[in-house]
J.: 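Right, I'll just put the structure down here and ask away after.
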Amino acid sequence: MIHSIRGFNDIYGKESVIFQKLESLLREILKLWNFKEVRLPILEKTELFQRGIGDDTDIVEKEMYTFYDRNGESLTMRPEGTASVVRFLNEHKLYGSDRYLKFFYIGPMFRYERPQKGRLRQFHQAGIEIFGLPHPLAELEGISVLQYILSRIGITDTTFYINSLGCDLCRPGYKEALFSFFDNKEEHLCEDCKRRKIKNPLRLIDCKSTKCQENLEKAPKITDFLCNNCKNHFDELKNLLFLYNISFEENPKIVRGLDYYNRTVFEVHSKSLGAQSALCAGGRYDRLSKDLGGFDLPAFGWAMGIERLISLITDSSDYSEEIDFFVVIIGESAKKEGLTVIDRLRKAGYSVEYDTFFGSVKSQLRRADKLKAKKTIILGEDEIKRGVFILKDMKEGKEEVVEINKLWKGDFVKWSF
RNA sequence: GUGAGCGUAGCUCAGUAGGUUAGAGCACAAGGUUGUGGCCCUUGGGGUCGUGGGUUCGAGUCCCAUCGCUCACCCCA
């Protein structure tokens, strides 16, 4: 027996229904904020992610599904959505007609990681990207719609962490301060951090090892190093969040794992998620578009993990959907009429099921009950002779005799539910 | 990539210090009503005990290997 690839799951049953409902809710809400959907390819040139996400990040270094196609070109199954959206935007030169653009996407992403709770190799993300707005109003747009989505789904018990990473002007000063702070503490650092210190000193800040935690208490904070513009931006954002009554917690340890962020970064965590507690994360990435060879466009965006979101939905309701009619067919001579009735009803807009094995009346009715049919039509040889069928209400248990002719007249109104 | 725990029926699990034909509940099917569901009763189908090797008179049970799943580290949505 061939089974699915590790970390690649089949989504079916209740989960599939919740998935659909969640998607339509997202589309409905994002429309209120005037976000437009983009459906982008799953496969992109590897270079897009190397340059976009950053060569030194874990995602690019060891988590991408990368392979050569038949022409020898290196392709990668997208590990995230932002780089693709930026590529799309520049490729179609959409900023030419409108300098303020808002997009969203929903779809599968791929990362080669060891699966665990809340972590799959193929997982789904919904994300938004806002282009062209340097002002923190971009953050407010993105964050307010996110908060509304979470509240509509009914997810509480989340913490919203926010931080600023500064810009090209102020971050070098901070990196230097960090570097010299850790310089004489080499022996106190965990193995990972020794490596980080050279490659990406910012990441020292969010190390989780207890060994490093002590250092971090005394480590310099990025927010103390922000230049005036960055500080004003951050302050103004906080004021806007107050205006919208969005509660947040400043957390200088939020630095994010992708290279493209500047200024605002944020994460939404939930304690109920397990070790992979991030439900949603994002930030501002003003340089990415230009870095990818495109137009110089400020941008802000976030992405949320759909599976993680679903695992938080504590909805115990029954997701097996009821059907309108079950048609019980008794005897060989009733089959022809029965199958015609079924076809008629379906094309009149009713959901209909029947027993293709034509079991006993008892087993057909059992099946009608199990499938949650609202009404059952019973059609046997006797009924055919009389030109009628029995219409049975499955909740009341009452039966009535109806002339088959009424179906052909399209007179379904009396059974509307 | 590292570590820990777990693999017995479609599902959730029992299975006693190794000992006859491996069990239960749920689910499924048939019947109890010569054409009527839910509740109840009866009966039935379904398992190479993850796989391979070893120890033993005898292995679901002990040992080794392997595969898979889960959780955690790491990382991230």
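Every heavy atom of this structure was used, including side-chain atoms; hydrogens, water molecules and symmetry mates were not. In the text below, chain A, chain B and the rest are named by the order of the sequence lines, each starting its count at 1.
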J.: On RNA chain B, does the nearest nucleotide to Gly118(A) precede the nearest nucleotide to Gly274(A) from the 5' side, or the other way round? Give the residue.
T.: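 The answer here is Gly274(A).
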
J.: Mind checking if Gly331(A) touches a base, just sugar-phosphate, or nothing, with heavy atoms under 4.0 Å?
T.: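 Contact class for Gly331(A): none.
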
J.: Kindly indicate whether the side chain of Lys362(A) and the base of rU33(B) share any N or O donor-acceptor pair separated by less than 3.5 Å?
T.: no

J.: Between rG54(B) and rA9(B), how far apart are the C1' atoms? Round to whole Å, please.
T.: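 Going atom to atom, C1' in each nucleotide, I get 28 Å.
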
J.: Going by an N to O cut-off under 4.0 Å, is there a salt bridge joining Glu399(A) and Lys392(A)?
T.: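 Result for this pair is yes, salt bridge flagged.
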
J.: Is a salt bridge present between Glu28(A) and Arg152(A), judged by a nitrogen-to-oxygen distance below 4.0 Å?
T.: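 Arg152(A) and Glu28(A): salt-bridged.
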
J.: Convert the base pairs of RNA chain B into dot-bracket notation, remembering that pairs crossing earlier ones are written with [ ] and that bases paired across to another strand are shown as |; include only Watson-Crick or G-U pairs under 3.5 Å.
T.: (((((((..((((.....[...)))).(((((.......))))).....(((((..]....))))))))))))....

J.: Ignoring backbone atoms, establish whether Lys372(A) has a side-chain N or O less than 4.0 Å from OP1 or OP2 of rG37(B).
T.: no

J.: Write down the distance separating the C1' atoms in rG46(B) and rG25(B), rounded off to the nearest Å.
T.: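 It works out to 16 Å between them.
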
J.: Starting from the C-alpha separation in whole Å, work towards a yes-or-no answer on side chain to side chain contact (heavy atoms under 4.5 Å, CB included) for Leu309(A) and Met304(A).
T.: CA-CA 8 Å; Leu309(A) 204 56; Met304(A) 60 168 65; 3.4 Å; yes

J.: Once you round it to whole Å, what is the distance between P of rU36(B) and CG of Asp369(A)?
T.: 15 Å

J.: Using a 4.0 Å heavy-atom cut-off, does Leu120(A) contact any base of the nucleic acid, only the sugar-phosphate backbone, or nothing at all?
T.: base

J.: Remember a base hit wins even if backbone is also touched, and classify Ala368(A) as base, sugar-phosphate or nothing at under 4.0 Å, heavy atoms.
T.: nothing

J.: Checking all strands, does Gly397(A) fall into the base, sugar-phosphate, or nothing category for heavy-atom contacts under 4.0 angstrom?
T.: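 The residue Gly397(A) makes base contact.
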
J.: If we take the P atom in both rA72(B) and rG10(B), what is their distance in whole Å?
T.: 29 Å

J.: Looking at every strand, decide which applies to Thr376(A) at a 4.0 Å heavy-atom threshold: base, sugar-phosphate, or nothing.
T.: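 No contact.
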
J.: Assign each of Ala373(A) and Gly282(A) to its nearest nucleotide of RNA chain B by heavy atoms, then name whichever residue's nucleotide is nearer the 5' end.
T.: Ala373(A)

J.: What distance, rounded to whole Å, do you find between the two C1' atoms, one in rC40(B) and one in rU33(B)?
T.: 14 Å

J.: Does Ser363(A) place a side-chain N or O at less than 4.0 Å from the phosphate oxygens OP1/OP2 of rA30(B)?
T.: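 Affirmative; the distance criterion is met.
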
J.: If you measure from the C1' atom in rG47(B) to the same atom in rA24(B), how many Å do you get, rounded?
T.: 14 Å

J.: Would one find a side-chain N or O of Gln116(A) under 4.0 angstrom from OP1 or OP2 of rA72(B)?
T.: yes

J.: Which nucleotide sits closest to the side chain of Lys370(A): rC76(B), rG37(B), rA29(B)?
T.: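 Within the option list, the nearest is rA29(B).
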
J.: Using ring centroids (six-membered ring only for Trp), state whether Phe160(A) and His269(A) fall under 6.0 Å.
T.: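 No.
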
J.: Spell out yes or no: do the side chain of Glu383(A) and the base of rG35(B) have one donor N/O and one acceptor N/O closer than 3.5 Å?
T.: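 Side chain to base: pair found, below 3.5 Å.
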
J.: Write down the distance separating the C1' atoms in rC62(B) and rG1(B), rounded off to the nearest Å.
T.: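 My reading of the C1' atoms in rC62(B) and rG1(B) gives 32 Å.
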
J.: Determine whether the aromatic ring centres of Phe8(A) and Tyr65(A) lie less than 6.0 Å apart.
T.: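 Yes - the distance between ring centres of Phe8(A) and Tyr65(A) falls below the 6.0 Å cut-off.
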
J.: Would you please confirm or rule out a distance under 4.0 Å between OP1 or OP2 of rG31(B) and any side-chain N or O of Ser360(A)?
T.: yes

J.: Give me the distances for all protein-to-nucleotides 67-69 of chain B N/O pairs that come in under 3.5 Å?
T.:
from: rC69(B); atom 1: OP2; to: Arg6(A); atom 2: NH1; distance (Å): 3.4

J.: Suppose you measure atom C1' in rU8(B) against the same atom in rG23(B); what distance do you get, rounded to whole Å?
T.: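 Going atom to atom, C1' in each nucleotide, I get 10 Å.
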
J.: Select base, sugar-phosphate, or nothing to describe what Ile390(A) touches, counting heavy atoms under 4.0 Å on all strands.
T.: base

J.: Does the pair Lys398(A)/Asp393(A) count as a salt bridge with the N-to-O cut at 4.0 Å?
T.: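 No salt bridge links Lys398(A) with Asp393(A).
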
J.: Nearest whole Å is fine: how far is rC76(B) P from Asp56(A) CG?
T.: 13 Å

J.: How many Å lie between NZ on Lys392(A) and C1' on rG38(B), as a whole number?
T.: 10 Å

J.: Take atom CD1 of Ile323(A) and atom P of rG37(B), then tell me their distance rounded to the nearest Å.
T.: 17 Å

J.: What's the closest nucleotide to the side chain of Arg308(A) if the choices are rC76(B), rG37(B), rC73(B)?
T.: rC76(B)

J.: Considering every strand and a 4.0 Å limit on heavy-atom distances, what is the contact class for Ile330(A): base, sugar-phosphate, or nothing?
T.: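 Base contact - Ile330(A) has a heavy atom under 4.0 Å of at least one base atom.
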
J.: For the residue pair Lys238(A) and Phe234(A), would you count it as a cation-pi contact if the rule is NZ or CZ under 6.0 angstrom from the ring centre and within 45 degrees of the ring axis?
T.: yes

J.: What's Glu307(A) touching, base or sugar-phosphate or nothing? Going by heavy atoms closer than 4.0 Å.
T.: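 Touches nothing.
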
J.: Any donor-acceptor pair under 3.5 Å between the side chain of Glu399(A) and the base of rU36(B)?
T.: yes

J.: Testing the basics here: between Ile384(A) and Ser333(A), what is the closest heavy-atom pair and its distance to 0.1 Å?
T.: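 Shortest heavy-atom separation between Ile384(A) and Ser333(A) comes out as CG1-O, 4.5 Å.
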
J.: Could you check whether the side chain of Arg366(A) and the base of rC28(B) have a donor-acceptor pair of N or O atoms closer than 3.5 Å, going by distance alone?
T.: no

J.: So, taking the atom named CG in Leu379(A) and the one named NZ in Lys336(A), what distance separates them when rounded to the nearest 0.5 Å?
T.: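 If I round to the nearest 0.5 Å, the distance is 13.0 Å.
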
J.: So that I can tick it off, tell me whether Glu381(A) and Lys385(A) are bridged by a salt bridge, with the cut-off set at under 4.0 angstrom between side-chain N and carboxylate O.
T.: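 So Lys385(A) does not pair with Glu381(A) through a salt bridge.
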
J.: With a cut-off of 6.0 Å (strictly less than), are more than 12 heavy atoms of other residues, nucleotides or ligands near CD of Glu47(A)?
T.: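 Open.
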
J.: At 4.0 Å (heavy atoms only), tell me whether Ile306(A) reaches a base, stays on the sugar-phosphate, or touches nothing.
T.: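 Answer is nothing: Ile306(A) stays at 4.0 Å or more from every strand.
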
J.: Would you mind reading off the distance between His269(A) atom NE2 and rC76(B) atom C1', rounded to a whole angstrom?
T.: 9 Å

J.: Using atom P of each nucleotide, how far apart are rU61(B) and rU48(B) to the nearest Å?
T.: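 Per the computed distance, 16 Å lies between those P atoms.
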
J.: Report yes or no: is the cationic atom of Arg78(A) (NZ for Lys, CZ for Arg) closer than 6.0 Å to the six-membered ring centre of Phe110(A), at no more than 45° off its axis?
T.: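 Not satisfied by the 6.0 Å and 45° rule.
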
J.: Considering every strand and a 4.0 Å limit on heavy-atom distances, what is the contact class for Lys117(A): base, sugar-phosphate, or nothing?
T.: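 Sugar-phosphate, no base atom in range.
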
